[in-house]
Amino acid sequence: MGSSKIVISLDESILNRLDRLVHKQLFLSRSQVIQEAIEEKVGRLKSSRRLAQECAKLDPAFENALAEGSLPQALEEWTTK
């Protein structure tokens with residue numbers, strides 16, 4: 001996949017932190033730092049949406065039974081579903 005150039009404005013303190021990362025050779029360039037940060041953020045947003053979707057599938061009564069120690073009964077219900 002190709003790359004596109006963009007122009008962004010950054011707060012000077014963030015730019016200084018970014019430059020320190022490059023200077024410490026943790027990244028090859030400012031572009032690499034920004035690209036990896038954006039990829040990570042987008043990945044987290046996708047993961048948190050998926051987590052919310054999976055949590056919505058949970059049965060509150062079953063989860064409460066597990067939390068209150070009714071594991072044998074809850075386990076039997078879970079294995080029969």
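Applying the salt bridge (charged side-chain N to carboxylate O under 4.0 Å, His left out) rule to pairs touching residues 40-49 yields Glu40-Arg44, sequence neighbours excluded.
Hydrophobic side-chain contacts under 4.5 Å tie Ile14 to no other Ile, Leu, Val, Met, Phe, Trp or Tyr residue.
The side-chain contact (heavy atoms from CB on, under 4.5 Å) search around Leu26 returns Leu21, Lys24, not counting sequence neighbours. In terms of the side-chain contact (heavy atoms from CB on, under 4.5 Å) criterion, residue partners of Arg20 (sequence neighbours excluded) are, by chain and number, Asn16, Arg17. The side-chain contact (heavy atoms from CB on, under 4.5 Å) search around Gln35 returns Glu39, not counting sequence neighbours. Under the side-chain contact (heavy atoms from CB on, under 4.5 Å) criterion, Leu15 pairs with Leu10, Asp19, Arg30, not counting sequence neighbours.
Residues Ile34 and Val7 are members of separate hydrophobic clusters, defined by side-chain heavy-atom contacts under 4.5 angstrom among Ile, Leu, Val, Met, Phe, Trp and Tyr. Linking ILVMFWY residues whenever their side-chain heavy atoms come closer than 4.5 Å, directly or via other members, leaves Leu18 and Leu28 in distinct clusters.
For the pair Val33/Val22, a side-chain contact is recorded, criterion being any heavy-atom separation below 4.5 Å from C-beta on.
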